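The block underneath contains the structure these notes are about, expressed in structure tokens.
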Amino acid sequence: MSRIGLTPPDWLVRNLQAQQAPVNRAAVARAAVAMSLPLAVGLAVDQVAYGALASMGALSGVIGDTADAYRMRILNIAIPQLFGAVGVTLGSLVYGQGWLAVWVVTAVALVSGMISTIGAVASVSGLLLLLNSVVGAGLPMPGDWWTAPLLMTGGGLLVLLLALLAWPLRSGVPERAAVAATYRTVADLMAACGRAEYDEARHAVTQSLNQSYDLVLARRARHHGRSPELTRLLAQLNAITPVVEAAPAAHLSGRPLAPEIPETVRHLARAVETGYTGPIGLKLPVPVSETSRAVDHALRHAAEVVAVPDVDPRGIDDRLGRPAALGVRAARAARNVALSAASWRYGLRLALCIGLAQALVSIVPVPRSYWVALTITFVLKPDFGSVFSRALLRALGTVAGLVVAAAVLSQVPRGGWDVLVMLLLAPLIPALTPRGYGYQTAAITPVILLLSDILNHQGTALLLPRLLDSLMGCGIALVAGYLLWPESWHTRVGDRLADAVADTAAYVEGAFGSGVEPAARARMRRRLYRDLSVIRTEFQRALTEPPPMGRRAAAWWPLVVAVERIVDATTAARVRVRHGAQPPSSAEVAQVTLQLRELADGVREAETLYEVRTDLTGPAGSVLEPVRQEVAAARAITSPR
């Protein structure tokens, strides 16, 4: 007799699994102060509704309070607040206007979805633009038309003020800490060479390098190399890159490195973090092979750069390219948004769902109807991950948050106790947000309900409508924003993976060509690793969706890992050639690049696995032999089993 399996499917387990992340204690403290202080002031001056509006604005600031660097905090918090002020103004102007409100909010949704494709700051700005317009169109605002945007913006700027208090004392510290953290991840990578933990450590290094370069180059865009501190940090990031390049060669040798090597990198990390300049004593083993010479040379070069107090900015190469001026980037982003098919597709999908929600609640009487559109706004943000997963987690998080809200609204009297409750609930938002979207929803739900009750005095009568509206919003997002769109049923990242394979072919060609400058080769490799990191993240999101999407992503996932290994093997071969190995012939290089381009074409055209040729041969002992092996493995992965 067969036994019924009770094991939950993998995609459900992945959705419900909490992500491991440290708690940002400073952000927790800022959330507690920024969200409870406006309520306390509102009670003190007998304008509690105004205090609740300011706390709502602070909530949006808390959600955007994720950056470590102070200049990035200004961008992440201040700019979205301006868009939020525009949104609540537009919404409040059409409050109670029937179909006019429907069309205005739908148009705002189109704009919100389109600008979300620009970048992280624009995404949060588009989110607040739509959220606040929905709230303004669905909830009567106290005071004149300008009161709500002023109070909500003020609440968000209070979060920014608290986030910038330590700037005069800690200027540059977050950037140094990020670069030092990159050095530590490289130390872990060197310790993992020759071991099974290598792939995970390499992925951590890629993520850390991406974050550090983004942080330093974002600030350098303003200084254009005039800041000695930023120039030095960029030089230190560039100096650790040869160590990262030497790691694949060391790993492919199959032997762990001497413990002195990762300890040396950790010693350099401490020097970077403290800003130390001066002699750095190195205790390194004597190199005896091409690989060990590469590691030794890279570490000594990194030590020299870390020890130098002044760096000439003219000699620093930006591995991702020097950022263009702000005006140029803004014009480029606007042009891309207006002409991009993906931008219009995202915007139209969001506008369709918001329009359906607004039309539905205009026809069918729904208490607190604006919550339907709010739910869709959070679930359907195209750059926040899988729509299916977010809808599922939104529903589960709402139920958990309602349990807490029921206890608060039924047992805590309104008045001064609200400040104490907010002081306890608000810190949960930044504490639980890194754990996952469901946890964030569970933390935000009781806070929003408490603020809504302060404005409307409906008590526990808010609970059931909140649940029904959330479920309606999730249903609309799933049907109109997920099931009815063909791309939901295809491997959306297939084209990106194919592009990465084609770029890998170009990298192999450029790694051993005579006409490629070292700086250009470094930028090519850095962009390729970054693209592969993004593709890995996209595939991991796809794995959280149910069949057939999740099953297809799982089938193609090994190819993502295989392509990363091809890049590693190519880098290792290049390092060996640079330190004395015989370079490959042009015919060898042409054979590998041809196989990679054929693989890219196959990935781009196929929805399922297909049979390919894997018999790649070449001269014995060639530096490209590991590359050929990895290419053959990648092509074998695409064959049906």
Side-chain angles (χ1 to χ4, degrees), residues 24 27-28 30-39 42 49-67 72-92 105 108-109 111-112 115-116 120-139 141 147-164 370-371 373-379 381 383-384 394 401 422 425-434 437 440-441 443-452 454-455:
N24 188 333
V28 166
R30 288 193 292 269
V33 174
M35 295 195 64
S36 58
L37 182 59
L39 283 182
Y50 288 173
L53 280 176
S55 290
M56 282 188 177
L59 172 60
S60 62
V62 168
I63 294 174
D65 184 15
T66 57
M72 294 301 294
R73 291 178 186 177
I74 296 177
L75 296 176
N76 286 6
I77 299 176
I79 293 179
Q81 291 303 314
L82 298 178
F83 279 83
V86 173
V88 74
T89 302
L90 291 174
S92 60
V105 174
V108 171
V111 175
S112 171
I115 66 176
S116 293
V121 175
S123 177
V124 178
S125 299
L127 175 68
L128 287 189
L129 173 68
L130 181 54
L131 282 179
N132 287 3
S133 66
V134 169
V135 171
L139 188 67
M141 295 292 166
T147 304
L150 182 64
L151 289 172
M152 295 179 75
T153 303
L157 294 181
L158 174 60
V159 178
L160 178 61
L161 176 63
L162 295 173
L164 298 180
Y370 61 92
W371 279 335
L374 287 182
T375 299
I376 293 173
T377 301
F378 277 112
V379 169
K381 283 292 289 178
D383 54 331
F384 283 2
R394 178 78 182 184
M422 186 63 70
L425 292 180
L428 296 177
I429 298 173
L432 294 180
T433 293
Y437 179 62
Q440 182 192 53
T441 302
I444 290 177
T445 296
V447 170
I448 293 180
L449 285 173
L450 176 60
L451 295 175
S452 298
I454 293 174
L455 291 171

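Please read all numbers here as calculations on a predicted model, not as lab measurements.
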Note, [X] side chain near [Y] side chain (heavy atom, < 4.5 Å):
{"X": "M141", "Y": "L53", "result": "yes"}
{"X": "I63", "Y": "T433", "result": "no"}
{"X": "F378", "Y": "T441", "result": "no"}

Show the nearest heavy-atom pair for residues [X] and [Y], with the distance to one decimal.
{"X": "V447", "Y": "A443", "answer": "CG2-O, 3.6 Å"}
{"X": "S55", "Y": "L39", "answer": "OG-CG, 3.5 Å"}
{"X": "A34", "Y": "A58", "answer": "O-CB, 3.5 Å"}
{"X": "M422", "Y": "P427", "answer": "O-CD, 4.0 Å"}
{"X": "A27", "Y": "P430", "answer": "O-CG, 3.7 Å"}
{"X": "A78", "Y": "L160", "answer": "CB-CD2, 3.8 Å"}

- Query: How long is the gap from CG on L157 to CE on M152, to the nearest 0.5 Å?
  - Reply: 12.0 Å

- Look up atom CZ in F83 and atom CG in L128, then write down how far apart they are to the nearest 0.5 Å.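 So the CZ of F83 and the CG of L128 are separated by 10.0 Å.
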
Would a distance-only check, ignoring hydrogens and angles, find a side-chain to backbone donor-acceptor pair under 3.5 Å from [X] to [Y]?
{"X": "S92", "Y": "V88", "value": "yes"}
{"X": "R73", "Y": "A163", "value": "yes"}
{"X": "S133", "Y": "G87", "value": "no"}

- Message: Would L374 and V135 count as a side-chain contact (heavy atoms from CB on, under 4.5 Å) here? Give the steps.
- Response: CA-CA 8 Å; L374 287 182; V135 171; 4.0 Å; yes

- Working for side-chain contact (heavy atoms from CB on, under 4.5 Å), residues M56 and N132: CA-CA 10 Å; M56 282 188 177; N132 287 3; over 6 Å; no

- Taking only residues at least two apart or on different chains, which pairs with a member in residues 150-159 satisfy side-chain hydrogen bond (donor to acceptor under 3.5 Å, both in side chains)? none

- Task: Could you list the residues that satisfy side-chain hydrogen bond (donor to acceptor under 3.5 Å, both in side chains) with S60, not counting sequence neighbours?
- Result: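 So S60 forms a side-chain hydrogen bond (donor to acceptor under 3.5 Å, both in side chains) with Q81.
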
- Decide yes or no on side-chain contact (heavy atoms from CB on, under 4.5 Å) for L449 and W371, but give the supporting numbers first. CA-CA 11 Å; L449 285 173; W371 279 335; 3.6 Å; yes

- Name the one of I77, N76, L75 that satisfies side-chain contact (heavy atoms from CB on, under 4.5 Å) with I79? L75

- Message: Please enumerate all residues that pass salt bridge (charged side-chain N to carboxylate O under 4.0 Å, His left out) together with R30, with sequence neighbours excluded.
- Response: D65

- Step by step, would you call I429 with L59 a side-chain contact (heavy atoms from CB on, under 4.5 Å)? CA-CA 9 Å; I429 298 173; L59 172 60; 3.4 Å; yes

